[in-house]
Every structure is written in structure tokens, then in C-alpha cells.
Amino acid sequence: MKNNFKWIKNTLWLSITFIAISSALHAQLNLDTASFYTSIEKLDIDEKTIIVIGEAHNVKSTLPTQLFIINHLIEKGFRTLYIEGGQSEAIIINMYFETGNEALLQYTRARTSDGAYRKFLRSLYDINQKLSDKLTVKGFDIERPTCVGFLLSEWFKKATIGNIHMDSLSNYLLAKDNRPSTSVKEVFKKSEQLQQVFDTLKKEIAQHKAIYKKVLGTRYEAFTGIIYSPVMEKNQSIDASFTQYVLNDLNTNEVKNAIVIVGSNHLVYKYSFGPMLMNAAPEHYTINSFVFLYSNCKNLYTESFHTSRKKLLRHTTLPPTDKPLVKFSAQETSLVPAIEETTTI
């Protein structure tokens with residue numbers, strides 16, 4: 001009961017309102033920074049704090065707003081960022097942060113040079129360049145063929161181990177994912193095909209473990225972490241797998257402050273990632289959340305507009321406005337519905 005109360009109390013709702021339906025929707029982000037600083041002061045932030053940012057994917061100005069929040073948290077000492085992406089993608093993003101080589105991002109979801117996610121990562125890179133204690137990105141979602149294919153090419157350098165010629169396997173995966181997916185269904189179909197590759201690799205690793213360790217060296221642990229990802233194996237719900245990965249990483253690597261970016265649908269029902277993480281996290285962690293609530297917000301890739309479900313909008317009052325506005329408010333309302341149900345944002 002104690003943990004459930006902490007989850008309820010430490011919820012910072014982020015209300016994003018784009019009421020205007022004219023060209024003003026393409027205007028520069030209008031952040032009510034005063035409401036942000038007033039709200040965030042109500043949260044308990046110490047050296048063992050996890051901030052969960054719940055978003056709706058592909059909604060205009062979500063990423064710039066996240067960047068504002070993340071930059072503020074970096075100033076408070078946060079250095080670990082968990083993303084709803086695969087471990088392989090997180091590794092590539094870290095390589096980009098270390099080198100500044102944007103060509104690496106071609107093998108991630110930021111493959112479009114002028115896309116919103118590419119701009120987001122560029123901004124994080126610029127922030128990271130100024131830090132002596134650098135950012136580390138970690139991924140806990142399904143793996144994507146293009147990310148894995150690139151890493152196989154980088155790590156194995158055309159090696160042949162047992163029955164697998166790694167260069168051919170890399171080219172096969174890159175060809176499978178040579179364009180961005182256009183639907184969630186397509187993402188999961190590619191994931192299922194990738195899992196078949198992983199199942200084959202597991203058998204090969206069992207027979208040639210010593211060779212894999214010799215070729216990969218210090219990368220062996222990262223390689224097997226990807227191949228044996230609990231999210232990919234689907235032995236449990238995806239939310240349980242998310243929770244398992246983050247908990248294992250927190251404990252194994254003694255992570256201090258951390259930021260988690262995840263779709264809000266993984267926060268708002270009883271057996272979703274947020275409540276499960278809250279209930280299972282070690283007692284010394286405090287978990288707070290920013291939840292994006294949307295009203296008439298432009299989708300990044302279509303002509304449609306996005307408004308959060310009424311079940312979520314009931315948690316806050318969106319102010320009337322004739323221009324784009326991002327306003328923050330702190331609430332102590334239960335994030336998880338009292339009756340077991342699935343709510344999407």
C-alpha cells in the first residue's frame with residue numbers, strides 16, 4: 001500500500017494544449033516555464049530518483065518539451081536515460097554521443113535527417129558535449145533489424161563463426177529494415193522475424209561460446225543482452241519485460257538518478273510498466289512521473305489531430321487559449337484507474 005501511495009502522490013501531470021487550428025500550430029513551442037518550476041518544486045528529487053515521462057508518440061512538440069524537461073533534470077545531476085527503443089539502438093545512440101558521427105543515426109529511428117527525432121538527438125548531443133560526466137542511453141523495448149544488423153557488421157567485421165557468416169547476416173537484417181516502418185503491425189512483424197534470427201544465434205553461441213567471447217571481447221555482454229532480451233522472447237507481457245529490464249539494470253549497475261521515456265499507455269493501468277516498476281523498485285528509489293495530456297495537438301506525420309482520452313483529461317483542467325501552449329500542473333490524483341482497465345493516451 002505504501003508504494004501505491006507514493007506512485008499516486010508523486011505524479012506530475014504535464015498538460016499540453018494546442019487549441020488553435022490555424023497555422024499557429026506550426027509556431028515555436030510556447031512553454032509556460034513558470035508553471036513548470038512551480039510544479040517541479042513539489043516533487044521529491046534526490047540522488048535516487050526516477051522520473052518517468054509518459055508521452056503519446058509522434059505528436060508535435062512532444063520532443064521539444066521533453067528536451068526542456070530533460071535538460072532541467074541534467075542540471076540536477078541526472079545522467080541515465082532509458083528509452084522505449086531496443087538495446088541495440090541505445091548502443092548506437094551512445095556511439096553517436098561519443099563521436100558526433102550523424103551517419104550512425106541512419107541505423108536508428110532517427111534515420112530521417114530533418115526528422116523530429118534526429119533534431120531531438122542532436123540537441124541532446126549538444127548538451128552532452130558540455131558535460132564532464134556524460135549521458136548514458138539505455139533501451140528496453142523490442143529490437144529492430146537495422147540496429148542489430150549495423151552492430152553485427154561493426155562488431156564481427158565479416159567473421160564466420162560456426163555456420164554463420166556474420167556479414168551476410170548483417171546485410172540480410174539491413175535489407176529487411178531498409179525503410180521506416182509505417183505501422184505498429186509492421187514493427188512487430190519485423191521483430192518476429194528478428195527473433196527467429198536470435199533463436200538461431202542462441203544455438204550457435206551454445207556451441208561456440210569461447211569463439212564469440214574472443215571475437216567480441218568486452219562487447220560480449222552487450223551482444224548477449226540483445227540476443228536474450230526478455231522483451232523479444234515474449235515469455236511474459238511487454239510491460240513485465242520492460243519492468244524486468246529496468247529493475248535488473250538499476251540493481252546491476254547501481255544506477256542513481258534516471259529518466260525513463262515511455263508511451264503513456266504503459267503507465268495507466270494496473271499491470272502496466274509504471275505501477276509494476278513502482279511496486280518492485282528498491283525502497284531507496286523515489287519514482288515521479290510527467291504525463292502528457294493533449295488537446296487538439298497536431299500529429300507529426302499526418303493531417304490528423306490528437307486529443308487524450310476523457311479518462312485522462314479528467315485529471316486536469318486545460319486552460320482555454322487561442323494559441324499553442326504547454327502548461328504544467330502538479331496533481332495528487334490516482335494515475336491508475338480504480339477499476340482494472342486499459343487506457344491509452
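Note: hydrogens, waters and symmetry copies are ignored here, and every other heavy atom, side chains too, is used.
Taking the six-membered ring where the residue is Trp, Phe290 and Phe36 present parallel rings, their angle staying beneath 30° rather than reaching 60°.
Between Ile91 and Met95, the closest side-chain pair of non-hydrogen atoms falls below 4.5 Å. In this structure, the side chains of Val262 and Ile53 stay at 4.5 Å or more apart for every pair of heavy atoms. At a threshold of 4.5 Å between non-hydrogen side-chain atoms, the residues Val255 and Val246 do not count as touching. In this structure the side chain of Arg144 never reaches within 4.5 angstrom of the side chain of Thr108, judged on heavy atoms. Contact of the Arg122 side chain with the Tyr96 side chain is registered, since non-hydrogen atoms from C-beta on lie closer than 4.5 Å. Arg79 places a side-chain heavy atom less than 4.5 Å from the side chain of Ile74. Looking at heavy atoms from C-beta onward, Leu105 lies in side-chain contact with Arg118 at the 4.5 angstrom threshold. Between Thr136 and Phe97, the closest side-chain pair of non-hydrogen atoms is not below 4.5 Å.
The two atoms that bring Val148 and Ser88 nearest to each other are CG2-OG, 3.8 Å, heavy atoms only. Nearest heavy atoms, Phe120 versus Ile70: CZ-CD1, 3.9 Å. Across His165 and Thr160, no two heavy atoms sit closer than the pair ND1-OG1, 2.7 Å. In this structure, Lys176 and Pro145 approach most closely via the heavy-atom pair CB-CB, 4.4 Å. Counting all heavy atoms, side chain and backbone alike, Thr49 lies closest to Asn257 at N-OD1, 2.9 Å. Pairing each heavy atom of Gly54 with each of Leu267, the nearest pair is CA-CD1, 3.7 Å.
Heavy-atom neighbours of Lys209 NZ from other residues, nucleotides or ligands within 6.0 Å: at or below the threshold of 12. Counting non-hydrogen atoms of neighbouring residues, nucleotides and ligands closer than 6.0 angstrom, the NZ atom of Lys214 reaches no more than 12 such neighbours. Within 6.0 Å of the NZ atom in Lys256, the count of heavy atoms belonging to other residues, nucleotides or ligands does not exceed 12. In Gln129, the CD atom is crowded: over 12 heavy atoms of neighbouring residues, nucleotides or ligands sit closer than 6.0 Å.
Side-chain atoms of Gln195 and Glu143 form no donor-acceptor pair, as typed in the model, at a separation below 3.5 Å.
Not a single donor-acceptor pair under 3.5 Å links the side chain of Thr252 to the backbone N or O of Asp249. The main-chain N or O of Asp114 is never found under 3.5 Å from a side-chain atom of Thr112 such that the two would form a donor-acceptor pair. Checked by atom type and distance alone, the side chain of Asn71 never pairs as donor or acceptor with a backbone atom of Leu67 at under 3.5 Å. Within the 3.5 Å criterion, the main-chain N or O of Gly85 finds no donor-acceptor partner in the side chain of Asp141. Although no hydrogens or angles enter the test, the distance criterion places a donor-acceptor pair under 3.5 Å between the side chain of Thr38 and the main chain of Ala34. Between the Ser123 side chain and the Lys119 main chain, a donor and an acceptor come within less than 3.5 Å of each other. Without hydrogens or angle criteria, Asp177 side chain to Thr146 main chain gives a donor-acceptor distance under 3.5 Å.
In this structure, the separation between NZ on Lys76 and CD on Glu47 is 14.0 Å, given to the nearest 0.5 Å. Leu104 CG to Glu154 CD: the interatomic distance, rounded to the nearest 0.5 Å, is 7.5 Å. Between the CZ atom in Arg109 and the NE2 atom in His57 there is a gap of 8.0 Å [rounded to 0.5 Å]. Within the model, atoms CG of Leu152 and CG of Leu174 stand 8.5 Å from one another, a figure rounded to the nearest 0.5 Å. If you take NZ on Lys203 and CG on Asn163, they are separated by 11.5 Å, rounding to the nearest 0.5 Å. One finds the CG atom of Leu194 at 10.0 Å from the CG atom of Asp199 (value rounded to the nearest 0.5 Å).
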Practice problem: May I have the step-by-step check of side-chain contact (heavy atoms from CB on, under 4.5 Å) for Val260 and Ile51, ending in yes or no? | Solution: CA-CA 6 Å; Val260 181; Ile51 299 290; over 6 Å; no
Quiz item: Would Ile161 and Phe156 count as a side-chain contact (heavy atoms from CB on, under 4.5 Å) if you check the C-alpha gap in whole Å, the side-chain angles of each, and the deciding distance to 0.1 Å?
Solution: CA-CA 9 Å; Ile161 303 177; Phe156 287 96; 3.7 Å; yes
Exercise. Applying side-chain contact (heavy atoms from CB on, under 4.5 Å), run through Phe78 and Ile45 and close with a yes or a no.
Key: CA-CA 10 Å; Phe78 285 71; Ile45 296 180; 3.8 Å; yes
Exercise. List the steps and the verdict of side-chain contact (heavy atoms from CB on, under 4.5 Å) for Leu201 and Leu169.
Key: CA-CA 10 Å; Leu201 282 170; Leu169 179 57; 4.2 Å; yes
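Under a hydrophobic clustering in which Ile, Leu, Val, Met, Phe, Trp and Tyr are joined whenever their side-chain heavy atoms come within less than 4.5 Å, directly or via other members, Tyr245 and Met276 fall into different clusters.
Screening Asn128, Ile83, Leu121 for a side chain to side chain contact (heavy atoms under 4.5 Å, CB included) with Val137, the sole residue that qualifies is Ile83.
The ring-ring contact (aromatic ring centres under 6.0 Å, His included) search around Phe242 returns Phe140, His266, not counting sequence neighbours.
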Residues 216-231, side-chain donor-acceptor partners within the protein, below 3.5 Å, at least two apart:
unit_1, atom_1, unit_2, atom_2, d
Thr224, OG1, Tyr220, O, 3.0
Thr224, OG1, Glu221, O, 3.1
Ser229, OG, Val231, N, 3.3

